[in-house]
Amino acid sequence: MDIISRIAEQKILEAIERGELKNLAYAGKPVEIENLSNIPEELRMGYKILKNAHFLPEELELKKEILSLQDLIDCCHSPEERKHLKNKLSEKAIRFNILMEKRRRSRPALSTYRKKIYQKFGW
């Protein structure tokens with residue numbers, strides 16, 4: 001065990017003795033360990049930070065908005081509102097397609113992971 005691990009272990013034991021770790025939200029529940037083996041090691045910390053901040057890349061945010069707009073159109077009864085929503089949907093779809101085309105040219109790695117990303121989000 002290295003010095004950092006020993007110090008951390010000691011601090012945890014001291015906190016337990018003082019009762020600071022009682023009544024924690026997930027006490028007694030199994031820890032869910034996320035499989036990050038498909039993410040390069042040097043990108044994992046950044047990935048976790050962005051994920052915990054609920055950050056989505058622009059293309060995924062647009063895709064999410066497109067799906068929401070499509071749901072609204074499906075439920076809409078007003079012809080004017082439907083037309084307005086379809087216009088917004090078209091704008092978002094065009095923006096998404098432009099962004100994806102730009103990404104394809106500038107980042108060939110995206111094509112490698114695109115299928116996995118879409119599967120992860122159920123698209």
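As the structure is a prediction and not an experimental result, all values here were calculated from the model. FYI, the numbering just counts along the sequence from 1. Computed over heavy atoms, backbone and side chain alike; hydrogens, waters and symmetry mates excluded.
With sequence neighbours excluded, the residues that form a side chain to side chain contact (heavy atoms under 4.5 Å, CB included) with L21 are I12, A15, I16, L24. In terms of the side chain to side chain contact (heavy atoms under 4.5 Å, CB included) criterion, residue partners of E58 (sequence neighbours excluded) are, by chain and number, L62, R95, L99, R103.
Note: the hydrophobic cluster containing L60 does not contain L50 (ILVMFWY, side chain heavy atoms under 4.5 Å, direct or indirect links). Residues L56 and I66 fall within the same hydrophobic cluster, defined by Ile, Leu, Val, Met, Phe, Trp and Tyr side chains chained together at heavy-atom separations under 4.5 Å.
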**Request:** Evaluate the side-chain contact (heavy atoms from CB on, under 4.5 Å) criterion for residues L85 and Q70: first the C-alpha distance (whole Å), next the side-chain angles of each, then the deciding distance (0.1 Å), finally the verdict.
**Result:** CA-CA 8 Å; L85 291 171; Q70 189 60 55; over 6 Å; no

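Counting non-hydrogen atoms of other residues, nucleotides and ligands closer than 6.0 Å to CD of E34 gives a total above 12. Taking a 6.0 Å sphere around CG of N23, one finds it holds 12 or fewer heavy atoms contributed by other residues, nucleotides or ligands.
For the 3.5 Å distance criterion, the side chains of D2 and S5 qualify, holding a donor opposite an acceptor.
Here the CG-SG distance, from L69 to C76, works out to 11.0 Å after rounding to the nearest 0.5 Å. Taking CD of E101 as the reference point, atom CZ of F96 lies at 11.5 Å (rounded to 0.5 Å). Here the straight-line distance linking atom CD1 of I73 with atom CG of L89 works out to 4.5 Å at 0.5 Å rounding.
Residues in residues 68-92 take part in these salt bridge (charged side-chain N to carboxylate O under 4.0 Å, His left out) pairs, two or more places apart or across chains: E65-K92.
Between I49 and M45 the shortest side-chain heavy-atom distance falls below 4.5 Å.
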